[in-house]
Amino acid sequence: MDYISTRGSAPALDFEGATLAGLASDGGLYLPREWPRFSEAEIADMAGLPYAQLAARVMQPFVGDCLTPERLLELTTIAYGRFAHKAVTPLKQFDEQHWLLELFHGPTLAFKDVALQLLGLLFEEFLARSDRNLTIVGATSGDTGSAAIDAVAGRDKINIFMLHPHGRVSDVQRRQMTTVLAPNVHNIAIDGSFDDAQAMVKRMFNDNALTDRFAIGAVNSINWARLMAQVVYYFAAGLQLGAPHREIAFSVPTGNFGDVFAGYVAAQMGLPVAKLIVATNVNDILHRALTSGDYSAGTVTPTAAPSMDIQVSSNFERLLFDLGGRDGALMRDQMQTFDSSKALQLTNAQRDGAAALFASARADSDAMSQAMRWAWEKCGELIDPHTACGLHGAQNVAIDGKTPVVTLATAHPAKFRDPVERATGNRPALPARVANLFDREERYAELPGDYAAVTEYVAAHAIPKG
Ligand SMILES: *Cc1c(COP(=O)(O)O)cnc(C)c1O
C-alpha cells in the first residue's frame, strides 16, 4: 500500500516511510492511495475474534509488505496484552439504544493508548532495520504526552521530548509523564500555553538546523499509523452489535478530528456505519463547519474536557481531501487560505459528502454535567467530561430507533476527578495500575517559552539520526 500527501507534491511512501515521517514534506498529511474494502463475508468472518487478531486482520491491508501477517499479529498481541481488560475495548449497554465503548483500559487511562502502544512497537521494529535514530517531539495538553511516553520509554534508538504548558495540566496528567524516569524520556514544562508549545513543535519540523542532524518524528494524530490502529475498535463494536448485517451509529468526542476520522475509514472499508456524530465542547469549529460549511477558527475556551479544547482540527484536512476528489492542488489552496485568514469555505462536494455520513452536536458545561449525571443516576456509570460530550451528542442527534448508537468513552473518569465529582457527587478512584502515582519521583526540565532555549535543550540531549 502506497501513501500519498493531501497536498499533492510530497513523494509517495510505503507504510514504514509514512509511519516514520509523520508529516509529509509538503506540509500535508499522508493517506493510503485507496481505501481497502472488505466484503460482507469477510467482515462476518471477523466476528468473535480476540482483539489482537481482529486488529491484525483489519490493519493488514494498510501495512502491506512492510510486516508479515505473523509479525503484525505478534506486535498487536504485545500491544494489547498490556490492557487491563481482556476485551481491550469492552462495550457496555446504557439502555435499549445506547452503548458505551470503553477505550481507556490502557496504561495511561485514555484512548490514545490504543494507537500509541502499537506505534511505539512499530517505531522500534522499523528503526531496527536501519542505522537510524528517531527524535520524537510533541506538545501535549495531557493525554497524548503520557500515552506516547509510556509507549516509547526504554525503547532502542528513540528519544522523546514532550512539551507541556507549565502548571496547566492536571496533577494526574503531569505525574503520568514526569514519573517515567527512563533515560530516553525528556519532559519539558514550558512557560506559556499549549498553543505556544504546539507552535514550537511545528516549527521544529521545518527547522533545517535541527532536521539536518536529527530525524524528527511525530506521535500526534498527524501520524497515519495512529488513525489506522483506531479503525479497529469501530469494527470490534460493530461486530458485537450485528455488523455486517445491521447499521451502527457512533458518537465521538472530538478535538483534532482523528478518532472520528478513523470511524470514516471504517465506513470506507465496508463497516455499515449509519452516522458518525462529531461531538464537540464549546470549542465548536467542527460543529460549525458541518452545519454551515464555514470552517473558521475562534479563540480557545478552556473547559472541563481539555483534550478537546482545540480550534484547529488537523485531521479535518484528510476528510476534505477525500471528499474533494483527492485534489492536492485544491487542498493546498484551501489550507493556504486557512493559514492566512483562519477560515475556509467547504466546496459543495465537501459539504454534501460530509452531510451524508456526519452529524454534529456541541456540549456546553451544563450539557456535560447533565450527561455525567444521567450516566451515573440512570446507569450507575461514572463517565469523564470528554465522554460526556459524546453522550450528549448521542442523545441529541436523531437516529432511527432500530439503530444502536455507540458513544466512545475516551478517558477514564479518574483522569478528570474534579469535574466528575462536581457533577455526580462521586470521586472516582484511581485504578490499581496508577494507584502509586503520587508516591513516585518526578523529573522534568523547566524552560522559558523561548524557541531557542527549547531547541538548544533538544539538540543537547537527542541522538543524531545516524
Ligand atoms: C485526544 C482526546 C480526544 C480528542 O480526540 P481527537 O482524535 O483529537 O479528536 C477526546 N477525548 C480525550 C480524553 C482525548 O484524550
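Ligands are counted one by one from 1 in listed order, and the atoms in each one are counted from 1 as well.
Note that CD1 of I277 and CG of L357 are 11.0 Å apart. Values are rounded to the nearest 0.5 Å.
Using a 4.0 Å cut-off between charged side-chain N and carboxylate O, K415 and D143 make a salt bridge. With respect to the salt-bridge test (charged N to carboxylate O, under 4.0 angstrom), the residues D26 and R7 do not qualify.
Protein residues with a heavy atom closer than 4.0 Å to ligand 1 are F111, K112, D143, P253, T254, G255, N256, F257, G258, D259, S307, M308, H386, T410, A411, listed by chain and number.
Contacts classified as salt bridge (Lys or Arg N to Asp or Glu O under 4.0 Å) and involving residues 364-376 (residues at least two apart or in different chains) are not found.
Remark: H186 engages N159 in a side-chain hydrogen bond (donor to acceptor under 3.5 Å, both in side chains) (not counting sequence neighbours).
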Please table the atom pairs, donor to acceptor, closer than 3.5 Å between any side-chain atom in residues 416-423 and protein atoms at least two apart or in another chain.
unit_1 : atom_1 : unit_2 : atom_2 : d
D418   : OD1    : R427   : NH1    : 2.9
E421   : OE1    : R427   : NH1    : 2.9

